[in-house]
Peer 1: 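Pasting a structure below so you can have a look.
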Amino acid sequence: MLGHQTVFSTGTDEHGMKIQQAAAAEGLTPLELCDRTSTRFRELFDLCDIGYTDFVRTTEERHKAVARAVWTKLASEQLIYLGNYAGWYSVPDETFVPEAQTVAGVRKRDGAPCKLSLESGHELEWVEQPNYKFKLPLFKEKLLQWLDSQPATVAPQNRLAWTVQEVGQMKATSDADDLSVSRLTQYLQWGIPTPNDPSHVMYVWLDALTNYLTVSQVPVHKLSEVKKTGAKPEFPALDGQVFSAWPADYHIIGKDILKFHAIYWPAFLLGAGLAPPKRVIAHGHWTVNGQKMSKSKGNGVDPFDRVAVHGVDAVRYFLFRDSQLDSDCDYSDTRVTDLFNGELAAAFGNLLSRVFARALLQPANQPSATLSSSPSSAQTADDLAAWAFVPSKLDGTAWTRSDAIQVLPPIAQELHDKLNQLPSLVHEAYTDAQFARGITAVLFSIQCCNRAFTIVEPWTLAKTIREGALKNEPVNETALTQLRAMLYLTLETLRIASLCLLPVLPRSMTAALNHLSIPADQRLAQHIFSSPLVSGTLLPAAGGSVVVFPSTRRANPVTTGAAATQSGKPAKTKQKKQKDSSS
RNA sequence: GGCGGCGUAGCUCAGCUGGUCAGAGCGGGGAUCUCAUAAGUCCCAGGUCGGAGGUUCGAGUCCUCCCGCCGCCA
């Protein structure tokens, strides 16, 4: 949106016990399972217009090299040492079970009290094994410093507070909070072997997090040469032309992996002499009827399925418009359609339709024409060119918004002001990942324009002009200039709104901008003010009906008689979607 | 059990450092225009701002306690 060269990276984290077990359960090799899953994600991204410049799989060789390099660097800094890991181990499940996932029980063999896995119910053994450990608490102060810096490094506020608390509770003086970063290969094989010790594989998170360095093109072969330079380590461009996108401007993650991204990850980076990310944004999860989605409840929502039902942009719009960062949000098919129909179709889409109406544009641009000239015959290009373009002032010069509002009622001034403030409002909101806030602001402008449209009544002005033409009277210049001004202002409103919503609804907004004849190279935030619509620009779309968001509401089939309402007037029917029953 | 958060109109939520803060949207009810995708616009919510105290000239907005949810940790 801003036109900056950006690395948009995503990918799949493919190592670890869970993958190993899931693959075994299906009789697949881990890699086969990952191939399938990874492909599935990319299919979804393609389907949903989710762009990325890199998709990294942690099983790729380029990534393994980075992970190994980071490990080696941390080890050389004396931050990783061979220690012991002790924990509850379930032999049948082949996994360590966190304390929180255990429950007191009785051993079958001799009836002695023991611990059971909450998940599987299997008996647990207390196992101690050699593990490599990372001196996490060493970074307590630096982490707190990082967390305290501005602009906020962790957002939203509640997540930052949590992170600060977690780090604050770390015992800096003991090794109790040292982080286990490897597993013996006898327990876990599906991982990256630790450099210099094939009997361990790297802990999945240390492995996975370094993917960000992989995609950032950090020259890890130079990692050993990085020198610590105080609190703000810089990566020196040793060979003079090293390009690296690191540090990341944003990590967009779910709240479930905040600990890894906001505590472990910056600590690893600081340990390796690299800069921590600039910002970690943690969003909530989607619920269904207030409940977590889970396999056991079978209440998951399948995005492929929902997109097939509602359309990509209806789903995208809902996800951005109806969510907030700091808490979980509820998925609802009804909300998807209500928002689509109410805000996109009725407010935005309909405004686009009204401004492209021939009944308004032709009188505005071809005031001498008598409308009945071509009631049924197909329109020729010449015919269209005679009136389908962005209106100009009466003297033929180009409108500006400032000029247009001069000839319109005060509501136009209000709209003008809103539009002037919109870009910064949206930018601010998007910057903080407060998408709903930005979208709402856009909507207010659209709503204001609809209101202005109603107040100015361009159809009445058009009628005045048409009737004048029929009577061969001189054109009513007041009506004409107002009509043109209102249409121009509306077109500008739509252009600005479309640019603001382009990242949210790339497909639909591209269509809208095409209709508005906005050149492809004038669709960035900077063009909102720098490149207004130019009077005279052809609007070929005006020839037909312009529908960017086809409403899914159905009119009551009143004409068939059966459904006529008691009151005798057409009922304002809203399609009530079936109750959420997503599979 | 500890720590933290939340609890504002039927629903989803705005309300920053205390004084137009009692609001928006949706749903629901009513009216109206006709350019437009049966779309638009306008009017209608009398809600003890979870409860009880307290600080203050004045508190959804600060403090204490209680109730109810939720998260993390143990």
Peer 1: In whole angstrom, what separates A/L344's CG from B/G40's P?
Peer 2: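 Roughly 12 Å, once rounded to whole Å.
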Peer 1: What distance separates A/L419 CG from A/C449 SG, expressed to the nearest 0.5 Å?
Peer 2: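 Atom-to-atom, A/L419:CG and A/C449:SG are 7.5 Å apart.
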Peer 1: Among B/C35, B/U37, B/C73, which nucleotide sits nearest the side chain of A/S545?
Peer 2: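 Among B/C35, B/U37, B/C73, the one nearest the side chain of A/S545 is B/U37.
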Peer 1: Determine, using ring centers only, whether A/F268 and A/W205 are less than 6.0 Å apart.
Peer 2: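 No, ring centres 6.0 Å or more apart.
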Peer 1: Nearest whole Å is fine: how far is B/C13 P from A/D322 CG?
Peer 2: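 Rounded to whole Å, this separation is 8 Å.
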Peer 1: Does a side-chain N or O from A/Q362 land closer than 4.0 Å to OP1 or OP2 of B/C35, or not?
Peer 2: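 A/Q362 to B/C35 OP1/OP2: no side-chain N or O under 4.0 Å.
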Peer 1: Assign each of A/V548 and A/K259 to its nearest nucleotide of RNA chain B by heavy atoms, then name whichever residue's nucleotide is nearer the 5' end.
Peer 2: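 Whichever sits nearer the 5' end wins; that is A/V548.
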Peer 1: Atom OG1 of A/T481 and atom CG of A/L394: how far apart are they, to the nearest 0.5 Å?
Peer 2: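 The CG atom of A/L394 is 4.0 Å from OG1 of A/T481, to the nearest 0.5 Å.
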Peer 1: Could you check how far CZ of A/R354 sits from P of B/A38, rounded to whole Å?
Peer 2: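 Distance check: A/R354 CZ to B/A38 P gives 12 Å.
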Peer 1: Indicate, with yes or no, if the rings of A/F549 and A/F340 have centres closer together than 6.0 Å.
Peer 2: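 Ring centroids of A/F549 and A/F340 are less than 6.0 Å from each other.
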Peer 1: Please report the distance, rounded to the nearest Å, between CG in A/L483 and P in B/A36.
Peer 2: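 It works out to 13 Å between those atoms.
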Peer 1: Measuring centre to centre across the rings, with the benzene-like ring taken for any Trp, is A/F134 within less than 6.0 Å of A/F139?
Peer 2: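 Yes: the rings meet the under 6.0 Å criterion.
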Peer 1: Regarding A/K393 and A/D403, does a basic nitrogen lie under 4.0 Å from an acidic carboxylate oxygen?
Peer 2: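 Yes, A/K393 and A/D403 are salt-bridged.
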Peer 1: Below 4.5 Å, heavy atoms only, C-beta onward: do A/K255 and A/D328 meet side chain to side chain?
Peer 2: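 In contact.
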Peer 1: Examine B/C72: is either OP1 or OP2 under 4.0 Å from a nitrogen or oxygen in the side chain of A/Q165? Give yes or no.
Peer 2: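 A/Q165 to B/C72 OP1/OP2: no side-chain N or O under 4.0 Å.
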Peer 1: Can you work out whether A/V546 or A/C448 has the more 5'-proximal nearest nucleotide on RNA chain B?
Peer 2: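 Looking at the nearest nucleotide for each, A/V546 comes out on the 5' side.
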Peer 1: Under 4.0 angstrom, heavy atoms only, what part of the nucleic acid is A/V355 near: base, sugar-phosphate, or nothing?
Peer 2: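 Nothing, no nucleic acid heavy atom in range.
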Peer 1: Nearest to the side chain of A/R437, which nucleotide is it out of B/A39, B/C35, B/A14?
Peer 2: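 So the side chain of A/R437 is nearest to B/A14.
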Peer 1: Salt bridge or not between A/K259 and A/E166? Use side-chain N to carboxylate O under 4.0 Å.
Peer 2: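 No, no charged N to carboxylate O under 4.0 Å.
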Peer 1: Which residues in residues 484-492 of chain A have at least one heavy atom lying under 4.0 Å from any atom of RNA chain B?
Peer 2: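 Output list: empty, so none.
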Peer 1: In this structure, are over 12 heavy atoms from other groups packed under 6.0 Å from A/E477 atom CD?
Peer 2: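 No - once you tally the heavy atoms of other residues, nucleotides and ligands closer than 6.0 Å, there are 12 at most.
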Peer 1: According to the interplanar angle, ranging from 0 to 90°, do the rings of A/F435 and A/F320 count as parallel (below 30°), tilted (30 to 60°) or perpendicular (above 60°)?
Peer 2: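 Rings of A/F435 and A/F320: perpendicular, as their planes differ by over 60°.
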Peer 1: If I take atom CG in residue A/N350 and atom C1' in nucleotide B/U41, what distance separates them, rounded to the nearest angstrom?
Peer 2: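 Whole-Å distance recorded here is 12 Å.
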Peer 1: For RNA chain B, what residues of residues 449-459 of chain A have any heavy atom nearer than 4.0 Å?
Peer 2: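 Going residue by residue through residues 449-459 of chain A, the ones with a heavy atom under 4.0 Å of RNA chain B turn out to be A/N450, A/R451, A/F453, A/T454, A/W459.
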Peer 1: State, without any angle test, whether A/Q129 and A/Y89 hold a side-chain donor-acceptor pair at a distance under 3.5 Å.
Peer 2: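 Result is no, nothing qualifies.
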Peer 1: Expressed as a whole number of angstroms, how long is the span from A/W162:CH2 to B/C6:C1'?
Peer 2: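 It works out to 18 Å between those atoms.
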Peer 1: Base, sugar-phosphate alone, or nothing: which one does A/A161 contact when heavy atoms must sit under 4.0 Å apart?
Peer 2: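 Nothing: the residue A/A161, judged by heavy atoms under 4.0 Å, touches no strand.
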Peer 1: Report all interatomic pairs (protein N or O, nucleotide N or O of nucleotides 20-26 of chain B) with separations under 3.5 Å.
Peer 2:
none

Peer 1: Answer syn or anti for B/G68, where the cut-off is 90° from 0 on the glycosidic torsion.
Peer 2: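 That one's anti.
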Peer 1: What integer distance in Å separates A/N341:CG from B/G27:P?
Peer 2: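 Between P of B/G27 and CG of A/N341: 10 Å.
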Peer 1: Separation of A/L443 atom CG from B/C13 atom P, in whole Å?
Peer 2: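 After rounding, the reported distance stands at 18 Å.
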